[in-house]
Amino acid sequence: MKQFKTESKKLLDLMINSIYTNREIFLRELISNASDAIDKLAFKALTDPSVELGSDELAIRLSFDKDARTITVSDNGIGMTEEELDRNLGTIAHSGSEAFKEANAEHQGEDIDIIGQFGVGFYSTFMVAERVRVISRAYGADQAFVWESDGVKGYTISPAAAGERDGENDHGTDVILYLREIEGEDSPDKYLSEWGLRDLVRRYSNYVRHPVQMMVTKSRELPKPEDAGDDYTPQYETYQELETLNSMTPIWKKRSSEVEQADYDEFYTSTFHDWEKPARTISFHAEGALSYDALLFIPSRAPFDLYSKDYEKGLALYSSNVLIQEKCADLLPDHYNFVRGVVDSPDVTLNISRETLQQNSQLRAIERRVERKVHDELTAMMRDDRESYEQFFENFGRGLKFGIYNSYGAAASDLADLLLFWSAREDKQVSLAEYVAAMPESQDKIYYAAGDSRERLEKTPVVKSAVDHGFDVLLCTQDVDEFMFQAMRTYHAAAVAGDSEHKGTDERDLELTNVSTADLDFATEEEKAEAEKASEEHASLFDAMKEALGEKVVAVRASARAGEAPACIATEGPISLEMERIMAEGPDAGMVPGARRVLELNANHPVFAKLVAAQDAGDEAKLALYASLLYDQALLVEGLPVDDPVEFAKNVCELM
Ligand code: ADP
Ligand code: MG
């Protein structure tokens, strides 16, 4: 018996127990080796006119024997000589394939896309096999040799017996795995079945470019006998058929002009288990130092778990058509976590188990390109197919907003123009750019209102008043909206050309402002002067009301903002009523400070005259009652609960 070369026992042990985290990749490795062997023979035929390939199709065959507990992977590729068996399988971390690639480097143009590179993949078989037998006959040789090992002690090589690859032109390799007996979940017994092998091929080797075939058992109905009576029940027979398990053509390698959308749709629905066609398909190809093909999809509907913490984002990563990672998270920014798809690159540097990449900079480069492509596609969709875009935004808009919030506003330069909001004035959704384009010349801020329902927001005094003054207000009803706006602070509006209908404006940064924050003024100068005058004139009235309301408010004052309502609640500082409400439901409830509320009164409203009268009459009790009622009523209009409903009811009765 020969010992493995290199300090190999330890290495082998390391291999089997530490390098791979995933046992089932053994078949991927064997199929990749078989595919390489076929490529090498095809390459030889291409470059050496003396090589004649038989009429047999070059293919990979799988079979299994339940009783003997074996799985066999065969190919009719280039095979190995006795020396090659010794060198390639007897030396761990020696890759005959890598050597082949180097030796033929000058033929790069001829497309030798060999998968092997580390010389360790073969040993992954020992994760599932206690013994491996390799029968190989090199192309052109007239004798096959058998390599055999238990993966621990060493290996033997001997001439093959009669019947083992001794037919004419019987070149190629059989790898026979004698499966380990392991109890429980790790048991390889599940691969001793048609579906078990089919499943592994589909998942890992579906796009390997040579056919992977297996004899499968099928069933068919027998023809109905002529003398069959009315009560004839159909009879069936089982039969064997050679089936190709892999689909071979990686659709992502094709130019989109060569592919029907129906084929993309079919690929998408079957690969990503969605029953609806994708909303958009993006295909692109990069060439150069890092070349890759990418095929991305924007789904038509959100998966049910998109916003749960179990949701895993990522694109499938292939290298030379072999699956490396099912969901490579590094290829997608978080805010595009809904994108599904495939990236395939022969150039990425894989780590030795081929389960991950070694170089993050390559992934980052791909991610950046993916991000740009998705961004451009969404921008085009918004421009050209608004209806679909609104549907998209309904599904995934919240994620875009979180992207801005989570990046502390940094992602806004990419994402802000993809957002849509309901407009208070137009009864439709508008983008920030559209909002800005429709602003009157005097407006220098973007106004929004936040609350839990659009209908209610539309009716609040501040929003009405803003609209009455000719200012549109974005109605925000998602929990993240206002947090996002605070993270953004401003929106960078692009320049508008002078000959457009909206005059010429330079690019500028517009502040995003909640209409109910107290430092806001969209009232006209005249109205403001009036309110200011009222504030001065009635300072003592406001002091008395503030006194009556106590801690509930930080101030009471006159304002032009209440519009036609007698009063409204405004806030000072960064925390609005809506944010207060959202945070009160969050995990940090109780730790965050509340909104600083201001009761604002409309000095032109008839109720105001009553307040003045009560104060003039020195009726403190009545003034306190009015103050409390106005405050509660303003809260109700905002869609907020009154602090003390019993007290509120009592006050209303007292008034009646
Ligand atoms: P890698 O594929 O990364 O080179 P492996 O451990 O998978 O490493 O295989 C080691 C070497 O054994 C290969 O490089 C190749 O030269 C040889 N080999 C393995 N399987 C076959 C096969 N089916 N036919 C011909 N050569 C093979
Ligand atoms: Mg290999």
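Remember, it's 1-based here, ligands and their atoms both numbered in the order they're listed.
- At least one side-chain heavy atom of P333 sits less than 4.5 Å from a side-chain heavy atom of E367.
- Looking only at heavy atoms of the protein, atom 26 (N) of ligand 1 is closest to M80 CE, 3.5 Å.
- Nearest to atom 19 (C) of ligand 1 among the protein's heavy atoms is N33 ND2, 3.6 Å.
- Atom 4 (O) of ligand 1 has S95 OG, 2.4 Å as its closest protein atom, hydrogens excluded (heavy atom only).
- Here the two rings, on Y336 and F396, have centers that are 6.0 Å apart or farther.
- Residue contacts with ligand 1 for L89 involve side-chain atoms from C-beta outward but no N, CA, C or O (heavy atoms, distance under 4.0 Å).
- Y20 places no side-chain N or O within 3.5 Å of a backbone atom of R354 that could act as its donor or acceptor partner.
- Atoms of ligand 1 lying under 4.0 Å from at least one heavy atom of T173, given by number and element, are 22 (C), 23 (N), 24 (N).
- Checked against the 6.0 Å centroid criterion, the rings of Y264 and F267 do not qualify as a close aromatic pair.
- None of the N, O or S atoms belonging to Q117 lies under 2.8 Å away from the Mg ion (ligand 2).
- Checking side-chain atoms of N76 against main-chain N and O of I60 turns up no donor-acceptor pair under 3.5 Å.
- Taking the six-membered ring for Trp and thresholds of 30 and 60 degrees, F122 and F126 have ring planes more than 60 degrees apart, a perpendicular arrangement.
- For ligand 1, the polar-atom distance check against F118 finds a nitrogen or oxygen pair separated by under 3.5 Å.
- In terms of protein heavy-atom proximity, atom 25 (C) of ligand 1 is closest to A37 CB, 3.7 Å.
- At a 3.5 angstrom cut-off on N or O pairs, S97 counts as close to ligand 1.
- With respect to atom 5 (P) of ligand 1, the closest heavy atom belonging to the protein is F122 N, 3.5 Å.
- Looking only at heavy atoms of the protein, atom 12 (O) of ligand 1 is closest to N88 CB, 3.3 Å.
- Closest to atom 8 (O) of ligand 1 by heavy atom, among G119, G96, S136, is G119.
- With hydrogens and angles left out, the side-chain atoms of D39 and H210 include a donor and acceptor closer than 3.5 Å.
- At least one heavy atom of Q117 sits less than 4.0 Å from an atom of ligand 1.
- With a 4.0 Å cut-off on non-hydrogen atoms, D75 touches ligand 1 through its side chain and not its backbone.
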Between K277 and Y268, is the side-chain contact (heavy atoms from CB on, under 4.5 Å) condition met? List the steps.
CA-CA 7 Å; K277 291 189 237 169; Y268 170 80; 5.9 Å; no
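- Side-chain contact of D150 with Y178: a donor-acceptor pair under 3.5 Å is absent, judged by distance alone.
- A heavy-atom separation below 4.0 Å is found between K40 and ligand 1.
- Between Y139 and H171, the ring planes lie perpendicular to each other; the angle is over 60°, past the 30° to 60° tilted range.
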